[in-house]
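Here it is, the structure in full.
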Amino acid sequence: MLASYPPGRQRSAVVPMLIFAQDEVGSITPELVQEVAKRCGVQPVQVEECVTYYSMLRKKPLGKYHVQICTNISCLLNGGEELWKRACEQTGLGHKQVSADGMVSLEEVECIGACSWAPALQVNYDFEHLVTPERLDEILAACRKGDYVEKAK
Amino acid sequence: MFASHPPLFSNPPHPREVIMLSKRFRLPNSASIDTFLAHGGYRSFRKALEMTADEIIAEVKTSNLRGRGGAGFPTGLKMGFVPRNSPKPKYIVVNADESEPGTCKDRLLMEYDPHSLLEGMLIAARAIDAKKGYIYIRGEYRYLIHILDRAIEEAYRHGYLGRNILGTGMDFDAYTHSGAGAYECGEESALLESLEGKRGVPRIKPPFPAQVGAFQCPTMLSNVETFCSIPYIVEMGGKAYADLGVEKAGGTKLTCLTGHLNKPGVYELPLGFPVDQLIHDVGGGIPGGRKLKAFIPGGSSCPVLTAKECEGLTMDYDAMAKRGTMLGSGGVVVMDESTDMVKVALRIMRFYQHESCGWCIPCREGTTWLRKMLQRFDEGLGRRHEIAMIGELAKNMLGRTFCALGDAAALPTISIVEKFYDEFERKLNAVSAPVPAPGPFPVLNDPPPLGVGR
Ligand SMILES: Cc1cc2nc3c(=O)[nH]c(=O)nc-3n(C[C@H](O)[C@H](O)[C@H](O)COP(=O)(O)O)c2cc1C
Ligand code: SF4
Ligand code: FES
């Protein structure tokens, strides 16, 4: 990854390195910040300022399956908000909350680029399009049981 | 292979579609280099290798290709601005951040035809003498990063990337670069900051990326669809490409139909396509036979049009500008008569508040205040004098911010308050006693001219 950037520009790798590492570790730990800083040749605080800026980077682990429901304009018009409320009721969770067993977490997100197939959500990196309430229930049940099949990671 | 969802294109294509950019989408294994090569892939690049840099840029200028990322700037001009003789290295940067609400078209190009993006980058690299190219792709599109990485690897293996490409002495490397969730990183200078490993806060312009871009070097930065269009321009010639569209905007555009439609989807349509047919023919009309209330032509940053304003309108940069809006990114949002416009205004503002990078006070504070006011209206707690205040507050943001996000938040809000005033009235606080009208809300002088500080 570091070799992708011009000489002396290894700082560029900070964000991609953080997000790929987060997928392995589950969250951005202080050790990870130190490690990324060392590899990219920057100060830890320069890594830290990225962690707090980018919304996909997080210091606390989320569920094994992170369910992100879009409620932005195209999804809103097609029931995205109802889907979000239903997911909250079904799981008893709110925005960015994690279930006690660590299996599921929920997040209300901005447009995920699936507007023509609204309402849409993502489970980790997998897209779910044209999600009906029944499909939502299925997805949540599969996540809770741990048998949601991921393809995109 | 990496995608879990069903195909994103309509099959067969809608009869009104003009199939060019999407010509390989429906082929089996369309993302592989074998399919690409069997269907004309990299032929334009070979042709470009026989052309001089000036000839390539001239064809792109003739084609009337305008940037597909939102601003619609002529791509040929932009290529011409890159100082080719600069001793510094030059870069190609692809904006694959696609996060404008209502927009979901670049996904198809990268999922089904990733090599066409690489081919467009190669031709552009040849024209501006770039040796490296980066595809900056939003972090949520992880599966597309895998698809692109595989395409890049295939291209290296077949000698289309790397050293001494096809024995011509040309060198070019391509890389993907993952974002991590920030709409603002779609703004070109914020994207460049992000690419350098910093927070996605824009740079003051000028200088523009063509002069001082990636790693402080001359850079051609364009949208995915813009790059993907370049091979067709080289193949058919700028003139033939221009003829597909209208006077000042050539070619075809992937149009995302979203919102209240029977057949939403992404369709390839020529520039200048009539809005009426877009909704009622291609989009299959509005469910339940309901009537059109409002229309967004190209993503949530565009001023909203009423049904009346859509009459006789075509999908073209200049036609949209004449009606006071923008063609934007091609993310069409159709809203029927059941739509609550206050809710729409609120949801749009919530988005911009969340995504404001916080550098400029008018944007950071303006989006926050407007979101709060709109929220109160949505909850039925608005007061009469505040309707005008929303519009005035938004107007005071215009032209006073470093990047266009401030305008993008203000413009749709102003248009909704002006055009759907009665819906705000209907949501006024029914219980509270009438509030005395305050003095006139202070409106600052005219905003600075466009181009200053953007
Ligand atoms: C807040 C903001 C967000 C933007 N997001 C995107 C985006 O996601 N994708 C994109 O291609 N352009 C986006 N743009 C436009 C870019 O700044 C830039 O104009 C464009 O990438 C240039 O490419 P083009 O000439 O091919 O359109 C955005 C602009 C602003 C102000
Ligand atoms: S307009 Fe908003 S997003 Fe753009 S630089 Fe200013 S604060 Fe940041
Ligand atoms: S608005 Fe929900 S995916 Fe774009």
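Every chain is numbered from 1, with letters handed out A, B, ... down the list of sequences.
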Task: Part of A:Val47 within contact of chain B (heavy atom distance under 4.5 Å) - done: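 Neither part, no heavy atoms under 4.5 Å.
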Task: chain B contact via A:Glu81 - side chain, backbone, both or neither, heavy atoms under 4.5 Å - done: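 Interface part for A:Glu81: side chain.
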Task: Heavy-atom donor-acceptor pair, B:Thr258 side chain to B:Cys256 backbone, under 3.5 Å - done: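 No; zero donor-acceptor contacts below 3.5 Å.
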- [ ] Among the options B:Arg347, B:His260, B:Lys105, B:His354, pick out the one with the most heavy-atom pairs lying under 4.5 Å from chain A.
- [x]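 With the most close heavy-atom pairs to chain A, the winner is B:Arg347.
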Task: Choice from A:Glu110, A:Met17, A:Glu49 maximising heavy atom contacts with chain B below 4.5 Å - done: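 Of A:Glu110, A:Met17, A:Glu49, A:Glu110 has the most heavy-atom pairs under 4.5 Å with chain B.
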Open item on the list: Would A:Arg11 pass as a cation-pi partner of A:Tyr5, given that its NZ or CZ must be under 6.0 Å from the six-membered ring centre and within 45 degrees of the axis?
Closed with: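 So A:Arg11 doesn't make the cation-pi contact.
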Task: Option that, when pairs with chain A are counted at under 4.5 Å, heavy atom only, ranks first among B:Tyr175, B:Tyr91, B:Tyr143, B:Tyr141 - done: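 Looking at each option in turn, the highest pair count goes to B:Tyr175.
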- [ ] Taking A:Thr132 for its side chain and A:Arg135 for its backbone only, find out whether a donor-acceptor pair lies under 3.5 Å.
- [x]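 Yes, because the side chain of A:Thr132 sits within donor-acceptor range (under 3.5 Å) of the backbone of A:Arg135.
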Open item on the list: Given heavy-atom pairs under 4.5 angstrom as the criterion, report whether the side chain, backbone, both or neither of A:Leu76 touches chain B.
Closed with: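 The side chain, not the backbone.
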Task: Worked check of side-chain contact (heavy atoms from CB on, under 4.5 Å) between B:Ser301 and B:Glu100 - done: CA-CA 8 Å; B:Ser301 305; B:Glu100 171 84 8; 2.8 Å; yes
Open item on the list: Between A:Asp126, A:Asp23, A:Ile19, A:Asn72, who has the most heavy-atom pairs with chain B when the cutoff is under 4.5 Å?
Closed with: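 Looking at each option in turn, the highest pair count goes to A:Asn72.
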Task: Ring center gap for A:His129 and A:Phe127 short of 6.0 angstrom - done: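 Under 6.0 Å, so yes.
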Task: Region of A:Ala114 in contact with chain B, defined by heavy-atom distances below 4.5 Å - done: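 Both parts, backbone and side chain.
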Task: Option that, when pairs with chain B are counted at under 4.5 Å, heavy atom only, ranks first among A:Ser55, A:Cys111, A:Cys115 - done: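 Heavy-atom pairs under 4.5 Å are most numerous for A:Cys115.
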Task: Which atoms of A:Ala3 approach chain B - backbone, side chain, both or neither, heavy atom under 4.5 Å - done: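 A:Ala3 touches chain B through backbone heavy atoms alone.
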Open item on the list: What verdict does the side-chain contact (heavy atoms from CB on, under 4.5 Å) test give for A:Gln97 and A:Leu106, after you've listed the backbone C-alpha separation in whole Å, the side-chain angles of each residue and the deciding distance to 0.1 Å?
Closed with: CA-CA 6 Å; A:Gln97 288 181 347; A:Leu106 289 189; over 6 Å; no
Task: Result of checking A:Leu62, A:Val104, A:Leu93 against A:Val98 for side-chain contact (heavy atoms from CB on, under 4.5 Å) - done: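 Exactly one pass, corresponding to A:Leu62.
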